[in-house]
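Shown next, in structure tokens, is the structure this report addresses.
Order of the sequence lines fixes the chain letters, A, B, ..., with proteins taken first and strands second; residue numbering starts at 1 for each chain.
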Number of protein chains: 2
Amino acid sequence: MRRETYNEFRRLCQKHSLAATHQRQKIYEALVSRPGHYSPEEIYEQVKQDLPSISLATVYKNLKTFVHAGMLCEVSPHHGSWRIDANHHPHHHLVCTRCRSITDLDFDSLGPVKLRGKLPSGFRLEKFTIEVRGVCKACTAAETKQH
Amino acid sequence: MRRETYNEFRRLCQKHSLAATHQRQKIYEALVSRPGHYSPEEIYEQVKQDLPSISLATVYKNLKTFVHAGMLCEVSPHHGSWRIDANHHPHHHLVCTRCRSITDLDFDSLGPVKLRGKLPSGFRLEKFTIEVRGVCKACTAAETKQH
DNA sequence: AATCCTTTAATAACTATTATCATCTGATAA
DNA sequence: TTATCAGATGATAATAGTTATTAAAGGATT
Ligand SMILES: [Mn+2]
Ligand SMILES: [Mn+2]
Ligand SMILES: [Zn+2]
Ligand SMILES: [Zn+2]
């Protein structure tokens, strides 16, 4: 692991009161040291090369911990449940990052997305999907109440 | 089921060479007759009120069939696998609807999204996520080869 | 080095989804 | 209308993905 990455890792662990374990170090490195959008399984396979006895559950737990701490992001808030949309009109989605609720957002609520550069060659565009992530009214209310 | 919805359903089934079964009719209706972004389980519970002996597997199979035919859409192309992103720079994603691969797309490749109207009251915005759905180079090549 | 609290590995449990297969049914043509 | 049959269904087994449990081990602090 690069010295710079290692220092950043220690700093982040301290900031979030997390013990800087070997496992966490390797998991973090597996994600940060190469571009990509990996699944827990892929991270597990990668880390196992250095720490053969690591458990898949440890990978899951720490990925959750890191995401919760804001050190990493989820690609999609919808993994884990298949959701179907019958609305054929062009529209966007409001997604609550707490309760995962999905609400339609009128097409005209946002200005159009404009292509500036070129897409990578060979990619055949089908459509733009815009998700607005945030915290819904109900979840905001619930959080406020607790404090 | 409204006459109009029923006719549309028959038309779509004919167009896609699908038998217009009771089960399909009720599944279609459960989605089209009320706004929402339902899971297979939720559709199952709804349809079961009319067809108590319907199987959950039938719901899954037909939702897939309908999505494949373009009669319904998936809310997210990422269901089923949790993917982690370590890239903290603002950026977008290219997602292949065939192989589900995810590629970063530079922030400047798209113009900024502008808020026009108001978001629904109480929704606390965190960030915009733009996914560009399409077919990647490899999948396009693979499809071309087959014909 | 001793202590304490956190983290880990192993694995059981659980949830979501898909596969299998015998039976049944909608569509078509006689 | 009835016969036919490819395609659809229901029951359930199997698989994939994720989370919970718990005894043992390891960082952090002193
Ligand atoms: Mn929608
Ligand atoms: Mn990315
Ligand atoms: Zn919410
Ligand atoms: Zn592809």
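Across all non-hydrogen atoms, the minimal contact from A:C73 to A:V67 is C-CG2, 4.5 Å. Residues A:A19 and A:C13 approach most closely at O-SG, 4.4 Å, considering heavy atoms.
Distance CZ/B:R133 to CG/B:L94: 13.0 Å, rounded to 0.5 Å. Taking CG of A:L12 as the start and CG of A:N7 as the end, the distance is 11.0 Å to the nearest 0.5 Å. If you take CE on A:M71 and CG on A:L63, they are separated by 10.5 Å, rounding to the nearest 0.5 Å. Remark: A:C96 SG to B:R124 CZ distance equals 9.0 Å, nearest 0.5 Å. Between atom CD1 of residue B:I54 and atom OG1 of residue B:T21 there is a gap of 8.0 Å, rounded to the nearest 0.5 Å. Separation of atoms OH (A:Y38) and OG (B:S81) is listed at 13.5 Å; rounding is to 0.5 Å.
Listed by first then second residue, pairs satisfying side chain to side chain donor-acceptor pair (under 3.5 Å) with a partner in residues 52-65 of chain B read B:R24-B:N62, not counting sequence neighbours. Counting only residues at least two apart or in different chains, salt bridge (Lys or Arg N to Asp or Glu O under 4.0 Å) contacts with residues 10-23 of chain A comprise A:E8-A:R11. Screening residues 39-59 of chain B for ring pair (Phe, Tyr, Trp, His ring centres under 6.0 Å) gives no qualifying pairs among residues at least two apart or on separate chains. Under the ring pair (Phe, Tyr, Trp, His ring centres under 6.0 Å) criterion, the residue pairs touching residues 91-116 of chain B are A:H37-B:H93, B:H91-B:H93, B:H92-B:F107, with sequence neighbours excluded. Within the structure, every pair that satisfies the side chain to side chain donor-acceptor pair (under 3.5 Å) test and touches residues 108-122 of chain A, not counting sequence neighbours, is listed here: A:S121-B:K137. Among residue pairs with one or both ends in residues 69-96 of chain B, those qualifying as salt bridge (Lys or Arg N to Asp or Glu O under 4.0 Å) are B:E74-B:R100; sequence neighbours excluded.
In this entry the distance linking NE2 of A:H79 with C1' of D:dT19 reads 11 Å, nearest Å. Taking atom CG of residue B:L56 and atom C1' of nucleotide D:dA11, one finds them 12 Å apart after rounding to whole Å. Taking atom CG of A:L63 as the reference point, atom P of D:dT18 lies 10 Å away to the nearest angstrom.
Counting non-hydrogen atoms under 4.0 angstrom, B:T58 reaches a base of the nucleic acid.
Once you apply a 4.0 Å limit to the heavy atoms of chain B, the touched nucleotides of DNA chain C run 5' to 3' over C:dA16 to C:dA27.
With axes fitted over five pairs at each extremity, the angle between the ends of the helix from C:dA1-D:dT30 to C:dA30-D:dT1 is 40° (10° resolution).
Connection of B:I27 to B:V75 is not established within any shared hydrophobic cluster, with ILVMFWY side chains joined at heavy-atom distances below 4.5 Å, either directly or through further cluster members.
Residue order along DNA chain D, read from the 5' end via each residue's closest nucleotide, puts B:I54 first among B:I54 and B:W82.
Of the residues in residues 64-78 of chain A, those with a non-hydrogen atom less than 4.0 angstrom from any atom of DNA chain D are A:K64. Of the residues in residues 28-48 of chain A, not one comes within less than 4.0 Å of DNA chain D through any heavy atom.
Counting only heavy atoms from C-beta on, A:Y60 has its side chain closest to D:dT18 among D:dG10, D:dA20, D:dT18.
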How does protein contact run along nucleotides 22-30 of chain D, one letter per nucleotide 5' to 3', with B for base contact, S for sugar-phosphate only, - for none, heavy atoms under 4.0 Å? -----SS--

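Qualifying side-chain contact (heavy atoms from CB on, under 4.5 Å) partners for B:T5, counting only residues two or more places apart in sequence or in other chains: B:M1, B:R2, B:Y28, B:V32.
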